[in-house]
Amino acid sequence: MSSIKHVVYAVIQFLREQSQRDVYTSDEHESLEVALQCLETVFKISTEDVQFAAPYTLEEVFSQTHLKKDDSTPAESPSSAPAAIEKAEQLKDEGNNYMKEQNYEAALDCYSQAVELDPNNAVYYCNRAAAHSQLSRHNDAITDCEKAISIDAKYSKAYGRMGRALAATNKYKEAIGSYQKALDLDPENESYKTYLKIAEQKVRQVPSPMSAGWGFDMASLMNNPAFVSMAASLMQDPQVQQLMSGMMSNAGGGPAAGVGGLTDLSSLIQAGQQFAQQIQQQNPELIQQLRNQVRSRSFSGTTEEHS
């Protein structure tokens, strides 16, 4: 999006200059203002966003290109121009520094500009993939890794980063293939070995009966001293004892079944809600801990070296 804003800014700058000239009628001036407002609204940019300004105006760029064409001089490709390559490397280094500072949006912008200047450099795509991953844009990371691999099929880091992006989207089988390819190219890389083992474990992993349907590990919860203490305290509450007695009587078909017992699903749900409310009142910190456990992801971002 940053590259587009550079282009749009140049167009806005050109239209703004034209709107200040006296060669147009009032209707034409109004049309120019409408065009400016439309561009600024759609792309959320204005002439005040000077960070998107290019070293040359739109007219200058057009004139230079047109003159080269008239002189039958082939325009030099940005990917082959020494100045462009040097600038791209500078942007890559800036992006790496931003990554170390955890300023991932700024890093992404630098890598994107480097890609524009030298679109045949696999490193820029691979580094941008790392920035995408840190921003949880894993599908974009996969796309950039695929592009890097299409440029350099022996780029082990691209396979490794694609493996991590695939794992982050729970595509563990595909991730295993990427890690294995990365290890084929870089057999001594301990990180790839570790990530490969994790992905293989995820594929083999069978959901625990205690955790199925809950979203968290009930077995671990029962070993939590805070939860055990809280549960013991709750069991002394007469209301909780009555609820549990009703549940047990219903389960065993005892005398309480159908008479004050929990005879249907709605009653069971109601009892569960009451129990949860009492837990929330007694230990809200533990409830928050359980929520965080449910929301936690299998793969967390880690610091890594960039090319």
Side-chain angles (χ1 to χ4, degrees), residues 1 88-89 91-116 118-208 211 215-217 292-307:
M1 189 63 182
E89 279 296 300
L91 287 164
K92 182 204 72 174
D93 293 339
E94 290 178 11
N96 292 350
N97 290 332
Y98 281 128
M99 289 291 287
K100 292 175 183 177
E101 296 170 3
Q102 299 184 0
N103 190 346
Y104 304 123
E105 286 285 2
L108 187 68
D109 183 58
C110 286
Y111 295 142
S112 294
Q113 291 184 59
V115 165
E116 291 174 22
D118 189 0
N120 296 318
N121 192 314
V123 173
Y124 303 155
Y125 290 99
C126 191
N127 284 11
R128 189 169 67 176
H132 277 308
S133 289
Q134 292 294 349
L135 293 166
S136 298
R137 300 169 187 168
H138 304 298
N139 289 328
D140 290 333
I142 293 169
T143 299
D144 271 347
C145 287
E146 289 173 342
K147 180 62 177 179
I149 291 169
S150 71
I151 296 171
D152 183 357
K154 295 184 178 180
Y155 192 9
S156 62
K157 189 173 288 187
Y159 289 102
R161 285 183 180 159
M162 184 158 69
R164 292 185 61 188
L166 288 165
T169 55
N170 298 324
K171 297 177 181 178
Y172 299 113
K173 290 184 178 180
E174 293 90 334
I176 288 172
S178 294
Y179 289 137
Q180 288 175 335
K181 184 63 177 179
L183 278 170
D184 289 342
L185 297 167
D186 187 4
E188 303 303 318
N189 191 301
E190 294 299 325
S191 294
Y192 299 158
K193 293 177 183 178
T194 300
Y195 290 134
L196 176 60
K197 288 180 181 178
I198 293 173
E200 289 174 339
Q201 288 171 359
K202 289 292 182 180
V203 170
R204 293 194 301 265
Q205 198 173 56
V206 178
S208 168
S211 63
F216 52 86
D217 190 350
N292 292 338
Q293 187 181 125
V294 171
R295 293 169 183 165
S296 64
R297 296 180 301 176
S298 301
F299 280 73
S300 59
T302 57
T303 304
E304 60 175 322
E305 293 293 327
H306 300 281
S307 302

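- A search for side chain to side chain donor-acceptor pair (under 3.5 Å) contacts involving E174 returns nothing, not counting sequence neighbours.
- Among residues two or more places apart in sequence or in another chain, the side-chain contact (heavy atoms from CB on, under 4.5 Å) test is passed with A182 by Y159, Y192.
- For the atom pair E94 CD and N103 CG, the distance stands at 12.0 Å (nearest 0.5 Å).
- With R161 contributing its side chain and C126 its backbone, the two residues share a donor-acceptor pair below 3.5 Å.
- Between the CE atom in M99 and the SG atom in C110 there is a gap of 11.5 Å [rounded to 0.5 Å].
- In plain terms, the two heavy atoms of Y111 and K92 that are nearest each other are CE2-O, 3.6 Å.
- Residues satisfying the side-chain contact (heavy atoms from CB on, under 4.5 Å) test with T194, not counting sequence neighbours, are I198.
- A distance of 14.0 Å separates OH of Y195 from CG of L166, quoted to the nearest 0.5 Å.
- Here the closest heavy-atom approach between residue A114 and residue A88 is recorded as CB-O, 3.6 Å.
- Y155 OH: more than 12 foreign heavy atoms inside a 6.0 Å radius.
- Between the side chains of Q113 and D109, a donor-acceptor pair is found at a separation under 3.5 Å.
- For residues 175-192, the pairs satisfying salt bridge (charged side-chain N to carboxylate O under 4.0 Å, His left out) are E190-K193, with sequence neighbours left out.
- In plain terms, the two heavy atoms of A148 and Y125 that are nearest each other are CB-CB, 4.0 Å.
- Of all heavy-atom pairs between L135 and L108, the closest is CD1-CD2, 4.2 Å.
- Looking at residues two or more places apart in sequence or on another chain, you find a side-chain contact (heavy atoms from CB on, under 4.5 Å) between I176 and Q180, L196, A199, E200, V203.
- Distance check: K147 NZ to R128 CZ gives 10.0 Å after rounding to the nearest 0.5 Å.
- The two residues M162 and S178 have their closest heavy-atom pair at CE-OG, 3.7 Å.
- N170 and Y172 share a side-chain donor-acceptor pair at under 3.5 Å.
- Residues passing the side-chain contact (heavy atoms from CB on, under 4.5 Å) test with N139, sequence neighbours excluded: I142, T169.
- Separating the CZ atom in R137 from the OG1 atom in T143 is a distance of 13.0 Å, to the nearest 0.5 Å.
- Put simply, CG on N121 and CG on N127 are 9.0 Å apart, with the number rounded to the nearest 0.5 Å.
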